[in-house]
There are 2 protein chains.
Amino acid sequence: MGHSMPERNKNDNLALSIYEDLLKRILCDDLKPGTRLPSERELAAHYQTNRNTLREALRKLEHAHLVSVRHGQGVTILDFRKTATVECLGPFLMQARNPSEQIRTLLDLLMARVQLLEMSVALAAQRAKPEDIEQLERLVELQLHNFETDDREALIHDDVELINALVDAAHSLTARWIANTLLEVYRGLISRTQSLWVSDPSFPDYLRCLLRCISENDPEGAVSATRTYYAKIDRVLLTLLSPLLEAGRKSNPGHSEAV
Amino acid sequence: MGHSMPERNKNDNLALSIYEDLLKRILCDDLKPGTRLPSERELAAHYQTNRNTLREALRKLEHAHLVSVRHGQGVTILDFRKTATVECLGPFLMQARNPSEQIRTLLDLLMARVQLLEMSVALAAQRAKPEDIEQLERLVELQLHNFETDDREALIHDDVELINALVDAAHSLTARWIANTLLEVYRGLISRTQSLWVSDPSFPDYLRCLLRCISENDPEGAVSATRTYYAKIDRVLLTLLSPLLEAGRKSNPGHSEAV
DNA sequence: GCCTCAAATTGGTTGAACCAGTCCGAACCT
DNA sequence: AGGTTCGGACTGGTTCAACCAATTTGAGGC
């Protein structure tokens with residue numbers, strides 16, 4: 001086990017730093033599934049801390065379904081590709097060593113975002129209240145202005161805000177709770193890699209149509225407008241990223257990719 | 001704070017029991033957002049344990065975004081309706097005191113399941129490998145047989161298995177990780193309340209069509225078949241549950257329901 | 001009335017000891 | 001020789017008693 005010591009960020013506490021260090025080492029396939037971690041006592045010594053603090057880090061790994069901790073038996077690394085949850089997407093996209101898998105995961109995340117949007121706009125068109133509509137109108141106006149002035153930074157920021165408002169308008173705990181995890185990843189991704197936010201000339205039309213459908217309680221219209229628009233976006237994204245995808249696949253055959 | 005002591009399940013450790021107790025008390029609106037919990041020392045005394053063990057429970061609440069813990073400031077209850085994540089869906093459906101909100105959340109969960117399915121079948125139709133197809137064929141055969149013999153128990157069990165296999169066939173970390181959390185809730189819900197699993201006479205046709213579309217790499221066909229079938233299911237579910245929904249709304253106006 | 005600073009309160013970290021499952025191997029019996 | 005038993009050497013789980021560090025509070029000074 002020749003690790004480097006984790007940097008302890010100013011805002012983080014010690015347990016969190018250790019968690020992040022182990023998380024990285026798992027997500028970049030450094031610690032392989034099935035491997036047993038050293039005992040809590042050894043790990044605590046390695047990170048120059050005590051068992052209690054170290055155990056907090058282990059609890060976090062366990063909660064994220066990255067390790068299995070069993071009394072008397074130790075800590076075993078799980079196969080995160082099978083067992084993890086969405087909260088690992090952000091760290092994974094930052095750590096992954098397989099470019100092809102990374103790009104594919106990224107595209108899938110954008111696809112999941114659209115699924116969340118479809119669900120939200122459908123529900124919003126049934127349940128939105130006047131104050132929801134007002135908030136949506138405000139944000140749509142903002143985006144229309146951002147689009148005209150081509151303010152990339154603002155477009156991205158308000159994109160996340162708009163999705164959030166749509167989820168709120170859906171008045172669905174399920175949608176809200178899915179969005180909380182998914183949008184945190186999405187926000188981090190898109191603000192790091194701004195070129196991932198692409199648009200189509202029909203963007204203003206789409207926003208206006210969506211707003212109309214929601215305020216007129218037309219779920220089918222809202223959903224179909226969303227599907228149509230994001231189908232275009234997907235095509236752009238695919239042509240944008242497919243070269244990277246192929247390049248990665250050649251240079252790094254990676255996991256379960258062998259055909 | 002007059003709580004009852006939590007039952008310590010045989011399989012659970014102490015920290016988990018405390019977590020579950022506090023979780024319940026939050027999800028049933030017993031502990032209201034903004035409230036400050038007693039200090040770790042007091043809580044530990046109340047649960048007749050020590051600070052370290054109690055802190056493990058707090059870490060779990062924090063991880064689930066149900067409380068905010070800040071050094072020197074204490075532990076504050078968050079508004080779980082805004083901040084929680086999908087993993088709280090299961091406990092919430094068991095604890096919620098507002099029947100209308102409960103039924104609505106339940107319907108939304110089933111809707112989210114369909115969104116997950118749409119995404120998975122679309123990807124599966126692009127990425128499924130021979131062994132995925134084989135596994136799907138096996139499960140489809142099983143379901144066809146279960147449907148003929150009207151084996152409700154098996155239908156429900158293999159329904160979850162089939163969804164799982166579709167997610168696997170999608171070869172998408174994003175889909176897999178979303179499914180891990182969502183299906184855990186879904187499995188628990190549907191096995192507790194078996195009447196929630198409804199079918200349509202076209203079930204066998206749908207399964208066969210889906211399988212054909214996936215093996216012939218026809219994403220659009222797979223998605224549209226899924227949409228069509230589950231639209232029927234949704235109608236049945238809605239007529240099944242809407243009376244409960246209305247009854248709940250009348251007897252318990254509940255939160256943010258006032259119009 | 002406002003500012004300052006120290007005390008009280010909170011969570012964060014530490015180390016040691018002990019309890020409780022699990023595993024493995026030596027000793028034992030057959 | 002083979003199988004069984006049991007004890008010791010792991011593992012994580014719990015407890016205790018301090019101390020460190022961030023925040024809040026309020027008494028005192030200006």
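Chain naming here is simple, since letters A, B, ... match the order of the sequence lines and numbering starts at 1 in each.
- When distances are taken from the side chain of Arg51(B) to each of dC19(D), dG13(D), dT15(D), the shortest belongs to dC19(D).
- Going from atom CD1 of Ile18(A) over to atom P of dT14(C) covers 8 Å, rounded to whole Å.
- Put simply, Thr53(B) has a side-chain N or O that comes within less than 4.0 Å of OP1 or OP2 on dT15(D).
- Going from atom CG of Leu14(A) over to atom P of dG15(C) covers 11 Å, rounded to whole Å.
- For Ser39(B) and dT9(C), the shortest distance from a side-chain N or O to OP1 or OP2 is not below 4.0 Å.
- Here Thr49(B) reaches the OP1 or OP2 of dT15(D): one of its side-chain N or O atoms lies under 4.0 Å away.
- In this structure Thr53(B) satisfies the side-chain hydrogen bond (donor to acceptor under 3.5 Å, both in side chains) test together with Asn50(B), sequence neighbours excluded.
- Of the residues in residues 58-77 of chain B, those lying under 4.0 Å from DNA chain D by heavy-atom distance are His71(B), Gly72(B), Gln73(B).
- The two atoms that bring Gly34(A) and Thr76(A) nearest to each other are O-CG2, 3.7 Å, heavy atoms only.
- Minimum atom distance to the side chain of Glu40(B) is reached by dG11(C), of the listed dG11(C), dT14(D), dT13(C).
- At whole-Å resolution of the value, CG in Leu43(B) and P in dG12(C) are 13 Å apart.
- For Asp30(B), the side-chain hydrogen bond (donor to acceptor under 3.5 Å, both in side chains) partners two or more places apart in sequence, or in a different chain, are Arg25(B).
- Atom CG in Leu54(A) sits about 15 Å away from atom C1' in dG12(C), given to the nearest Å.
- Asn13(A) places its CG atom 14 Å from the C1' atom of dC20(D), with the value rounded to the nearest Å.
- Closest to the Asn50(B) side chain, of the nucleotides dT14(D), dG15(C), dG12(C), is dT14(D).
- Taking only distance into account, the side chain of Arg55(A) never meets the base of dG12(D) through a donor-acceptor pair shorter than 3.5 Å.
- Counting any heavy atom pair closer than 4.0 Å across all strands shown, Glu42(B) reaches sugar-phosphate atoms only and no base atom.
- Considering only residues two or more places apart in sequence or on other chains, Asn146(B) meets the side-chain hydrogen bond (donor to acceptor under 3.5 Å, both in side chains) condition with Gln143(B), Asp158(B).
- At a cut-off of 3.5 angstrom, the base of dG15(C) holds at least one donor-acceptor pair with the side chain of Asn52(A).
- Within the model, atoms CG of Asp159(A) and CG of Leu142(A) stand 12.5 Å from one another, a figure rounded to the nearest 0.5 Å.
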Distance-only check: which donor-acceptor pairs under 3.5 Å involve side-chain atoms of residues 54-63 of chain B, not counting sequence neighbours?
{"unit_1": "Arg55(B)", "atom_1": "NE", "unit_2": "Glu56(A)", "atom_2": "OE2", "d": "3.4"}
{"unit_1": "Arg55(B)", "atom_1": "NH1", "unit_2": "Glu40(B)", "atom_2": "OE1", "d": "3.4"}
{"unit_1": "Arg55(B)", "atom_1": "NH1", "unit_2": "Glu40(B)", "atom_2": "OE2", "d": "3.1"}
{"unit_1": "Arg55(B)", "atom_1": "NH2", "unit_2": "Glu56(A)", "atom_2": "OE2", "d": "2.9"}
{"unit_1": "Glu56(B)", "atom_1": "OE1", "unit_2": "Arg59(A)", "atom_2": "NH1", "d": "3.3"}
{"unit_1": "Glu56(B)", "atom_1": "OE2", "unit_2": "Arg55(A)", "atom_2": "NH2", "d": "2.9"}
{"unit_1": "Glu56(B)", "atom_1": "OE2", "unit_2": "Arg59(A)", "atom_2": "NH1", "d": "2.9"}
{"unit_1": "Arg59(B)", "atom_1": "NE", "unit_2": "Glu62(B)", "atom_2": "OE1", "d": "2.9"}
{"unit_1": "Arg59(B)", "atom_1": "NH1", "unit_2": "Glu56(A)", "atom_2": "OE1", "d": "3.1"}
{"unit_1": "Arg59(B)", "atom_1": "NH1", "unit_2": "Glu56(A)", "atom_2": "OE2", "d": "3.0"}
{"unit_1": "His63(B)", "atom_1": "NE2", "unit_2": "Glu87(A)", "atom_2": "OE1", "d": "2.9"}
{"unit_1": "His63(B)", "atom_1": "NE2", "unit_2": "Glu87(A)", "atom_2": "OE2", "d": "3.4"}

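- For Asp132(A), the side-chain hydrogen bond (donor to acceptor under 3.5 Å, both in side chains) criterion is met by His171(A), not counting sequence neighbours.
- Between the CZ atom of Arg41(B) and the P atom of dT10(C) there is a distance of 7 Å, given to the nearest Å.
- Distance, Glu56(A) CD to dG15(C) P: 15 Å, rounded to whole Å.
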